[in-house]
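The structure under discussion appears below in the form of structure tokens.
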There are 2 protein chains.
Amino acid sequence: MSEMPNPQRIAELAAEMEAHGTARDAPVRAVMALLGDRWTTLILLVLEAGEWRHAELKRVLGRLSSEQAISQRVLTLKLRTLERDGFVLRAISADIPPKVSYKLTAMGAGLCSEARRLIMWVNEREPQIEEARQTFDASD
Amino acid sequence: MSEMPNPQRIAELAAEMEAHGTARDAPVRAVMALLGDRWTTLILLVLEAGEWRHAELKRVLGRLSSEQAISQRVLTLKLRTLERDGFVLRAISADIPPKVSYKLTAMGAGLCSEARRLIMWVNEREPQIEEARQTFDASD
DNA sequence: CCGCATCCTAGGCGATACTG
DNA sequence: CAGTATCGCCTAGGATGCGG
């Protein structure tokens, strides 16, 4: 017979959860959602390579994605979010016309490392996952 | 003057990205999206405490979330996804009426650890993030 | 070159009601 | 109790065109 978790255990979990909040824009949830979305992780990995102009960045991301290019709207949106949370630095040169470039902050580089770690973890388990999927799809 | 990344660097990045694919249901993207969604991480953390019946799980998740309870539909959905990918084990007892319970697989426990690590990383930087947000919102 | 406004679609999620 | 079906909302994200 398997034991079900008791109320005390539940209280512990509740406390732990409260710690990082569940509000939609709370940093924890916001950042996790960021890493989970369509483009942000890709953007972080590219930015890790150096400093990029908006247009260049867009071009490279389009080349990397086997499916489709990122739309300009979304790229701007994602960069803004990353900038707002302190992961990306946006610099505007004094030139005419002014040039805009983006690069990671120190914290942004850290986030990128975390993302990379996660990616590697999943990659190592990809065979297991694929196998589980086939078993599941075949039986039930 | 800042140097822009060269084409070679881009090629390297491309190779790295190809490695984990960008297809929507590719394991890497699927799992990252999972951790980023509204409920999955919470579910993993609760399941880490032991084995749960569907109804119990729903109740506890509702209590943990400061906002709202999870809908039955979504809970079933998330559990199915986790089960399909090999992170969760679903057991049906031979009783009348049959009882359904869920627990983590070994790989599921691993994923939960990864999620927890990420959560902790972000939590430690929450002050920086909040500060960055205020600066951003105030100026621009 | 960069960003914004507008419009549109797909999918995540909640609520409810119904089967075994 | 567990799961499904249907509905409707809201948001992520793509396409296009305009303005600085």
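Proteins come first, then strands; the chains are lettered A, B, ... in the order of their sequence lines, and each starts at number 1. Please read these numbers as outputs of a predicted model, since none were measured by experiment.
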- prompt: With a cut-off of 6.0 Å (strictly less than), are more than 12 heavy atoms of other residues, nucleotides or ligands near NZ of A/K103?
  reply: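 No, because the 6.0 Å sphere around NZ of A/K103 holds 12 heavy atoms or fewer from other groups.
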Within 6.0 Å of CD in A/E131, more than 12 heavy atoms from elsewhere: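 No, the 6.0 Å shell around CD holds no more than 12 heavy atoms from other groups.
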Out of [options], which has the shortest distance to the side chain of [X]?
X: A/H54; options: C/dC13, C/dG3, D/dG14; value: C/dG3
X: A/S71; options: D/dA2, D/dG14, C/dC13; value: D/dG14
X: B/W39; options: C/dC1, C/dG14, D/dG3; value: C/dG14

Taking [atom1] from [X] and [atom2] from [N], how many angstroms apart are they, rounded to a whole number?
X: B/I43; N: C/dG12; atom1: CD1; atom2: P; value: 14 Å
X: A/L61; N: C/dC2; atom1: CG; atom2: P; value: 13 Å
X: A/K99; N: C/dG3; atom1: NZ; atom2: P; value: 14 Å
X: A/L75; N: D/dA15; atom1: CG; atom2: P; value: 14 Å
X: A/I70; N: C/dC2; atom1: CD1; atom2: P; value: 14 Å
X: A/Q72; N: D/dG19; atom1: CD; atom2: P; value: 15 Å

task: Check DNA chain D against residues 77-93 of chain B and give the residues with a non-hydrogen atom under 4.0 Å, in numerical order.
output: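 Listed by number, they are B/R80, B/R90.
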task: Return yes if some donor-acceptor pair links the side-chain N/O of B/T81 with the main-chain N/O of B/L77 below 3.5 Å, else return no.
output: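 Yes: the side chain of B/T81 pairs with the backbone of B/L77.
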message: Any side-chain N or O of A/R53 below 4.0 angstrom from OP1/OP2 of C/dC2?
response: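 For A/R53, the contact criterion (side-chain N or O under 4.0 Å from OP1 or OP2 of C/dC2) is met.
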- prompt: Within less than 4.0 Å of OP1 or OP2 of D/dC1, is there a side-chain N or O belonging to B/Y102?
  reply: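 So the side-chain polar atoms of B/Y102 never come under 4.0 Å of the phosphate oxygens OP1 or OP2 of D/dC1.
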field: Atom of B/W52, atom of B/V46 and distance for their closest heavy-atom approach
entry: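 Looking at all heavy atoms of both residues, the closest pair is NE1-O, 3.0 Å.
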field: Shortest non-hydrogen contact from A/R38 toward A/L42
entry: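 Closest approach of A/R38 to A/L42, heavy atoms only: NH1-CD2, 4.4 Å.
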query: Are B/V60 and B/V100 linked, directly or through other ILVMFWY residues, by side chains that come within less than 4.5 angstrom of each other?
result: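 Looking at the clustering, B/V100 is in the same group as B/V60.
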message: Is it the case that the base of C/dG3 and the side chain of A/R73 share a donor-acceptor contact (distance under 3.5 Å, atom types as modelled)?
response: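 Side chain to base: no pair below 3.5 Å.
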message: What I want to check is whether an N or O donor and acceptor connect the side chain of A/R38 with the base of D/dG13 at under 3.5 Å.
response: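 For A/R38, whose side chain was compared with the base of D/dG13, there is no donor-acceptor pair (under 3.5 Å).
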